[in-house]
Amino acid sequence: MKNRHAGHVTAAALAAVAATLSLTVSQSASAAPAAGTATAATTPTCAAKALKVTARQATVRPRGTGTGAAVVQFANTGTKACVLRGHPTVAGAANGSPRHSVPLKVTRKGTASTVRVAPGGKAWLKLTFVQVQGEGDGYCVSGATPSVYPTLVVGLPGAGAHQVALADGQFAECDNKVTATAVSKVKPS
């Protein structure tokens, strides 16, 4: 597959993408507290700066030659427990400019619940893409051109937007759609 979206996204570009996605994030969980505010259990929402976000290809994924599915991990690098909640917003990041980033249409899977993350603890979510088929450049069943992204911007309500690369490849998908689980304390396969 051709990498139509290669490049590095600068901090300013990431901030602009985060701003673009912020309306979607706030709409996806308007009841979620802002970063640093207390929940009913008095544990604050995880601040963006307290999270290290990584991704790897999922063990269980659809058939095809693209990424298929990825597990996104949120590690609490802060010194205090915090909470995460909700379904993510997702955009393909590319070419160092937010206007080149492509927001993906997210279909939510599962019910959101509050996940408490202790210092050093982790939470996860799973992204399942419309799979690329075939060899070489691949193709989309829909007839669309496959997209390949070196990184995605994944946002969670109140916890900011995070640029994440796939530890074992690049993100390849069709139709600019993704199915996403809510963040969970259970690591998906």
What pairs of donor and acceptor atoms, side-chain ones from residues 181-189 against any protein atom, are under 3.5 angstrom apart with sequence neighbours left out?
from	atom 1	to	atom 2	distance (Å)
T181	OG1	K126	N	2.8
S184	OG	V186	N	2.9
S184	OG	V186	O	3.4

Working to the nearest 0.5 angstrom, can you tell me the gap between [X] [atom1] and [Y] [atom2]?
X    : Y    : atom1 : atom2 : result
R56  : D168 : CZ    : CG    : 8.0 Å
L84  : T43  : CG    : OG1   : 11.5 Å
K105 : T179 : NZ    : OG1   : 9.0 Å

Point to revise | Counterpart residues, side-chain hydrogen bond (donor to acceptor under 3.5 Å, both in side chains), relative to S142 (two or more places apart) | key: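 Testing S142 for side-chain hydrogen bond (donor to acceptor under 3.5 Å, both in side chains), a comparison that skips the adjacent residues, returns D175.
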Practice item. Identify the heavy atoms of A123 and V115 that sit nearest to each other, and give their distance. Key: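 That closest heavy-atom pairing would be CB-CG1, 4.0 Å.
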**Study point:** Those residues that, when tested against V53, pass side chain to side chain contact (heavy atoms under 4.5 Å, CB included) (two or more places apart)
**Key:**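 Listed in chain order: L51, V72, F74, H162, V164.
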Point to revise | Partner residues of A167 under the side chain to side chain contact (heavy atoms under 4.5 Å, CB included) criterion, sequence neighbours left out | key: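 A167: no side chain to side chain contact (heavy atoms under 4.5 Å, CB included) contacts found.
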Checking the side chain of [X] only, and the main-chain atoms of [Y] only, is there a donor and an acceptor separated by less than 3.5 Å?
X    : Y    : result
Q131 : G68  : yes
T45  : V83  : no
H87  : A112 : no

Review point. Is there a chain of hydrophobic side chains (I, L, V, M, F, W, Y, each step under 4.5 Å between heavy atoms) that links F129 to L125?
Key: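 F129 clusters together with L125.
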Check your understanding: Can you hop from V130 to V154 via hydrophobic side chains spaced under 4.5 Å?
Key ->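 No: no chain of side-chain contacts under 4.5 Å links V130 to V154.
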Check your understanding: What's the verdict on side chain to side chain contact (heavy atoms under 4.5 Å, CB included) for N76 and C82, showing C-alpha distance, side-chain angles and the deciding distance?
Key -> CA-CA 8 Å; N76 180 357; C82 58; 3.5 Å; yes
**Study point:** Linked hydrophobic residues, V141 as query - side chain contacts closer than 4.5 Å
**Key:**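 Its cluster partners, ordered by chain and number, are none at all.
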Point to revise | Fellow cluster residues of V71, listed by chain then number, with links counted only when side-chain atoms sit under 4.5 Å apart | key: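 ILVMFWY cluster around V71 also holds W124.
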